[in-house]
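Single-structure report; data block below.
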2 protein chains.
Amino acid sequence: MDIRTRLIDTAEQLFDRHGFTATGMDRLTHSAGISSRTLYKHVGSKNRLLAIVLDERDRRFMRSLASAVSVDELFGALGVWFADQGARGCLFLRSWAETGGDVPEVVEAMERHKARLRQRIEEIVEAETGRRDDELADSILLLVEGATHAATYRGRATVDVALRAARRLIDGARG
Amino acid sequence: MDIRTRLIDTAEQLFDRHGFTATGMDRLTHSAGISSRTLYKHVGSKNRLLAIVLDERDRRFMRSLASAVSVDELFGALGVWFADQGARGCLFLRSWAETGGDVPEVVEAMERHKARLRQRIEEIVEAETGRRDDELADSILLLVEGATHAATYRGRATVDVALRAARRLIDGARG
DNA sequence: CTCAATGTAAAACGATCACTTTACTTGTGC
DNA sequence: GCACAAGTAAAGTGATCGTTTTACATTGAG
């Protein structure tokens, strides 16, 4: 595997499992099996590394939603994501909060991700109902966000609750 | 103001605004205007301080929901909370994640808070509909959790979206 | 008047922080 | 066969981490 990919993957796991600030560069370089010199040649700084990690995670997350054209598939994909990656809350919001909103690269990565997620949900709602519905998309975004965070303490069944609530909202809007 | 109260209030603000790990004890003692010796006499360690902060925040948060007997009042209180305290995501989940789930006192404070929140929502749903409805309470918990986190990047209007979605779910369950 | 409690300031603790530097080993392409 | 790019290990940068310690001031109760 490419050294840069290995670095970014390792960083994502450590940041996600132990937190950004709590993860030291020593632990990172040892886990990735590279020297600190190489790390800094590649990513420049710890903050830049975080921003890169977030961008890469966004790409992977959006790809996992790429084929969904219904809320069933949306929450299905979300359930698979949690099963694969674990559920420890949204890494974008956690990173934003851990850095106090003070790191522009991180703020922008978070905002980009949330805008894309919101856009994707809008498309799914339109595919399912046949029309644009901002309010419905907003509601389902809330359910996705809620499931993401409640799953950390209520487990994966939360995704099913979110799906059923989304279905009721859609059926209500249709009827 | 009592020295211990001042310490806990200051810690809550700093942890919330800048993150737990990123907040050093020096900054904390200077902001609270106390010596580090006194701080450690009172709370023992940084982790214990965090647990105490969370318990105190839970008390204050639950008190702000104490009089609500409808979802309108529930989300009304939530909106007031965000207006007063700002919206940077759930401090309990953020603290749990920042400490990697490795600090028992923090894990327990988070779980206590979430159990109480879920219980409070169950009561509000019962007051509003006249009957117990676990599924409906689960859905509204998701909307509360979703609003809490989406408010960080979509602003306070998110609370209104959550309220309207909750109303539709309740009306659907009633009819 | 004095003892004990409660506070302060400030230095010291070893560890660790993010990051840089020095010195050396590898291929790879021309 | 040699220069160059890309990696390593390891020491060093000064700063800061959470926590403890030393030495001293204030204050209220008996």
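In what follows, chains are A, B, ... by sequence order, proteins preceding strands, each numbered from 1.
Put simply, CG on A/Asp26 is 15 Å from P on D/dG12, counting in whole angstrom units. Rounded to whole Å, atom P of C/dC17 lies 13 Å from atom CZ of A/Phe20. Rounding to whole angstrom units, CG of residue A/Asn47 and P of C/dC17 are separated by 15 Å. A/Ile3 has its CD1 atom 14 Å from the P atom of C/dG27, to the nearest Å. Between the CG atom of A/Leu39 and the P atom of D/dA6 there is a distance of 16 Å, rounded to whole Å. We find that NE2 of A/His18 is positioned 13 Å from P of C/dC17, with the value rounded to whole Å. At whole-Å resolution of the value, NZ in A/Lys41 and P in D/dG7 are 10 Å apart. Rounded to whole Å, atom P of C/dA18 lies 17 Å from atom CZ of A/Arg48.
Within 4.0 Å of A/Gly33, counting heavy atoms only, lie sugar-phosphate atoms of the nucleic acid but no base atom. Counting non-hydrogen atoms under 4.0 angstrom, B/His30 reaches nothing in the nucleic acid. Residue contacts for A/Thr29: at a heavy-atom cut-off of 4.0 Å it reaches no nucleic acid atom on any strand shown.
Between A/Ile121 and A/Leu141, the shortest heavy-atom contact is CD1-CA, 3.7 Å. The nearest pair of heavy atoms linking B/Ala127 to B/Val69 is CB-O, 3.5 Å.
OP1 or OP2 of D/dA10 has not a single side-chain nitrogen or oxygen of A/Ser35 nearer than 4.0 Å. Contact annotation: B/His42 side-chain N/O to C/dT6 OP1/OP2 distance is not under 4.0 Å.
Using a cutoff of 4.0 Å between basic side-chain nitrogens and carboxylate oxygens, B/Asp134 and B/Arg118 are scored as salt-bridged. At a threshold of 4.0 Å, the pair B/Glu56-B/Arg59 counts as salt-bridged, since one of the basic side-chain nitrogens sits closer than that to a carboxylate oxygen.
With hydrogens and angles left out, the side chain of B/Ser36 and the base of D/dT20 share a donor-acceptor pair within 3.5 Å. For B/Arg37 against C/dT6, no side-chain N or O and base N or O form a donor-acceptor pair under 3.5 Å. Judged by distance alone with a 3.5 Å cut-off, no donor-acceptor contact links the side chain of A/Arg27 to the base of C/dT16.
Ranking C/dA18, D/dT8, D/dG18 by closeness to the B/Met25 side chain, first place goes to D/dG18. Of the candidate nucleotides C/dT8, D/dT8, D/dT20, D/dT20 has the atom lying nearest to any side-chain atom of B/Tyr40. Closest to the B/Thr38 side chain, of the nucleotides C/dT8, D/dT8, C/dC19, is C/dT8.
The closest side-chain donor-acceptor pair between B/Gln85 and B/Arg57, if any, does not fall under 3.5 angstrom.
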